[in-house]
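Nothing fancy with the numbering, it's 1 onward along the sequence.
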Amino acid sequence: MSENVVHLHKPTDPPTPDTAPTVLTVVPDAPPAGPVPLWVRSGRAVRHAVTHDTTKTAARSVARHSLYTFNGGRIVARRTWDGRTGSRYERMIRAAEAAGNLEMAHEWEEKLQRFRAARHHRRMDLLHSPMDAAKGVAVGAGVSVGVLVALGVVLAINTKDVGDVITPLGATIDFIALLIRIVQVVWGPALSIGPFLALFALWSVGRKQQAAPNWALPVNARSDEGEPITPSIVVKALRDLGVPALGRAIKEMGDAGASMLGPIRIAGCGVEVDVTLPSGVSTNEVQGKRRKLAENLTRHEHEVFITIPQAARTVRLWVADSGALDEPIGPSPLVTDESMTADYAKGKAPWGQDLRGDAAALSLYQRHLLITGLSNQGKTVALRSLALWLALDKSVQFLMGDLKGVGDWNMFDGLATTLIQGPTDEHVIQVTEMVEGAVDEMNRRIQAPPGTVFPPLIVLVDEAQVAFMCPAKDDQKRPYGGSKANSRYFMAVRKIHNQGRAVNVLMWQGTQDPTNENLPKLVREGAHTRASLALGTESQARMALGDKAVDGGAAPNLLRPGLDRGTLVVASDGVTIPAGQSSITVRTHYIDDDAAEALTDRAKALRDGVTTRHAIESEEAHDSLADIAAVVGDAPRVRTKDVLARLATRNPEAYGGWSFIDLKRVLDDADAGPYKSDGVMVVARDRIVRALADRDSGGSASAAG
């Protein structure tokens, strides 16, 4: 159904019929733009001229040469003042007192006394010098006239002419008159040129000393280096830190704050000084203003480190030379010294350098290890360099799992007993079974006779966060990842942490971006050596290193991601840490893949040959509970010792390494645990039969392997 639409508004322009003629509308051109006002064009020209590079260069040149002259005058005036007064000695005395070097201050005070005594002697001589000078001139003039007259007499005797007696004297007078005429001629121009020569001399002094601001200097002469660290600069930086109590205390001190400072010591590529804070100022107030303190010292934030020594109310400042931390530290001794060997028990791995420039070596003896940090900061290289050194001890065995799987550990193929590489859940399962195998080896070693010495077994898992975050579960619904009591990887690591070091079974882990989920608290606190690269937050730093290290000044969260790659903050008793500190910052040596290959080739040459497994092969399926029932037979009770012996005879591969703990675990899971009868532990047949019946009725089968 259609409806007629009635328009209530009449259109202004009625529609044109199709038969109407076409009307062409001519649109006139836009009027030409008016001329730009003169003042606008003039302003643009002036702005262009002012901002042009040539103008800036010329202005910078004028400022530079003007300041050369002005500051050259200041330098000359300062040198003159220092030469005529004892200000230089007083300056050195104050500096020595501020540095706490009282012996040096005493030496400069003695030099000042000698200078003042010599100056007093010279001034006293000036009282007699006018009379002595006048007498000297009179005597000199008389002697000179006498010599000239005597010379004239000799000349007159020779020439037979009496007038030649005064000839030498007249020649001397004529020469003096000539000198006077020369001075009269030169004096006028000298007065005009002299000021310009003096200005040129001042300019030359200023130019030689580069006495101009950095922005005014030529590009090739500019320096980005910070000022040298002196007592006055340190005190001024602390005074301007923005801590009211500290600023007031410094102003009220009679020595302007110099007594707060200990000696400023050269420490590697920087200097170190202890600062005793005045009453009312806490150390964390200074720690919290690290960036402002660094800028007050004309340094970047990463070039100043603040630690808390044992002395009360004291902070230790380490200030790097400007730009020194951006320079590489050189190759590892492992690469440069082909004769280097390793000793697990007594040696230390050459890991890098501390901030002082001293070698930082780490003892690995019976120490579990954890290295963490953000992604792509050098974690794998730092962890691998320790393994490369330890591989040079032929007694060391390795079980390795790389859950990144990009080939960073390929060079250990043929060196490690097990090497699993890959990021999938299947690889996590394999790595978990590898760690559980290490737990079984640990239990076997623990049951050995006392005094038995075992070779070191390093269980190394890189990218361990992948294992902790794995969602896979086994046949018994136990998760491989997580941090619960039934989490297989977590519990295996915890068992090694608890008892492994006593029998030289050690756990090394590398993780990324730590959280409570991907690095459980109990695991990270079980490591004896904890190291961290750059992190994002202070809470992550506490996870990585612990509260004690962070409260003592450790701050991996203040390292620069990307720029401080390979720099670690280490908390461990295996590395030499300055007295009073809880951590140390280490710049690790970089060992590339080619150098790592060469090192592992050397390590392989020390061994008879190692066959590396790339997967944990599952043992042949067997029913442990049924096997126990079979070896018990019809006897109502059998001693656990006999059960273990019978099981080992029945299936040596499956039960040859079993201990009482393994037997008890299987029986406890089936609610058929062993018990004590007549003073010995026994296994009851009726309990096993009941457990088998309950299991079969539930339609499940228990298999262990």
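Proximity of a side-chain donor or acceptor of Asp343 to a complementary backbone N or O of Lys346 within less than 3.5 Å is detected. Side-chain N or O atoms of Glu303 include none that pairs as donor or acceptor with a backbone N or O of Glu301 at under 3.5 Å. With His368 contributing its side chain and His528 its backbone, the two residues share no donor-acceptor pair below 3.5 Å.
Among residues two or more places apart in sequence or in another chain, the side-chain hydrogen bond (donor to acceptor under 3.5 Å, both in side chains) test is passed with Asp274 by Arg316. Applying the side-chain hydrogen bond (donor to acceptor under 3.5 Å, both in side chains) rule to Ser572 yields the partners Thr529; only residues at least two apart in sequence or on another chain are considered. For Ala464, the side chain to side chain contact (heavy atoms under 4.5 Å, CB included) partners at least two apart in sequence or on another chain are Val461, Phe468, Tyr489, Gln509, Thr511. In this view, Ala360 and Val586 satisfy the side chain to side chain contact (heavy atoms under 4.5 Å, CB included) rule, not counting sequence neighbours. Legend: residues meeting side chain to side chain contact (heavy atoms under 4.5 Å, CB included) with Glu295, ordered by chain and number and at least two apart, are Arg291. For Asn376, the side-chain hydrogen bond (donor to acceptor under 3.5 Å, both in side chains) test picks out no residue, with sequence neighbours left out. Residues satisfying the ring-ring contact (aromatic ring centres under 6.0 Å, His included) test with Trp508, not counting sequence neighbours, are none. Partners of Ser483 by side chain to side chain contact (heavy atoms under 4.5 Å, CB included), not counting sequence neighbours, listed by chain and number: Phe490, Pro520.
A distance of 8.0 Å separates CG in Leu460 from CG in Leu369, rounded to the nearest 0.5 Å. Expressed to the nearest 0.5 Å, how far CZ of Arg367 lies from CG of Asp573 amounts to 4.5 Å. Of the inter-residue distances, the one linking Gln447 atom CD with Asn443 atom CG reads 6.5 Å to the nearest 0.5 angstrom. Leu667 CG to Thr640 OG1: the interatomic distance, rounded to the nearest 0.5 Å, is 9.5 Å. Distance CD/Glu433 to CD1/Ile420: 8.0 Å, rounded to 0.5 Å. The CE atom of Met434 sits 10.5 Å away from atom OG1 of Thr417, with the distance rounded to the nearest 0.5 Å.
Checked by atom type, the side-chain pair Gln540/Glu538 shows no donor-acceptor distance below 3.5 Å. A donor-acceptor pair shorter than 3.5 Å cannot be found between the side chains of Tyr365 and Asn504. Using a 3.5 Å distance cut-off with no hydrogens or angles, the side chains of Asn410 and Gln421 do pair a donor with an acceptor. Using modelled atom types and a 3.5 Å distance limit, the side chains of Asn557 and Arg542 yield no donor-acceptor pair.
Using a 4.5 Å heavy-atom cutoff, the side chains of Leu370 and Leu519 are in contact. Contact annotation: the side chain of Leu647 never approaches that of Ser624 to less than 4.5 Å [non-hydrogen atoms, C-beta and beyond].
Shown here for Leu399 and Ala438, the closest heavy-atom pair between the two residues is CD1-CB, 4.0 Å. Scanning both residues, Met340 and Leu334, for their nearest heavy atoms gives SD-CD2, 3.5 Å. Closest approach of Gly378 and Arg565 over heavy atoms only: N-CG, 3.9 Å.
Using a 4.0 Å cut-off between charged nitrogen and carboxylate oxygen, Asp408 and Lys404 count as a salt-bridge pair.
Using a 30° and 60° split on the angle between ring planes, Phe412 and Trp409 fall in the tilted class, from 30° to 60°.
Of the candidates Leu403, Asp402, Val459, Val431 forms a side-chain contact (heavy atoms from CB on, under 4.5 Å) with just one, namely Leu403.
Counting only residues at least two apart or on different chains, the side-chain hydrogen bond (donor to acceptor under 3.5 Å, both in side chains) pairs with a member in residues 586-604 are Arg384-Asp593. Applying the side-chain hydrogen bond (donor to acceptor under 3.5 Å, both in side chains) test to every pair with at least one member in residues 328-339, sequence neighbours left out, gives these pairs: Asp337-Ser339. The salt bridge (charged side-chain N to carboxylate O under 4.0 Å, His left out) pairs that include a residue from residues 445-460 are Glu441-Arg445, where partners are two or more places apart or lie in different chains. Here ring pair (Phe, Tyr, Trp, His ring centres under 6.0 Å) pairs that include residues 533-556, with residues two or more places apart or in two chains, number zero.
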Practice task
Take Asp358 and Gln353 through the test side chain to side chain donor-acceptor pair (under 3.5 Å) and record every step on the way to the result.
Solution key: CA-CA 5 Å; Asp358 299 330; Gln353 293 181 0; over 6 Å; no
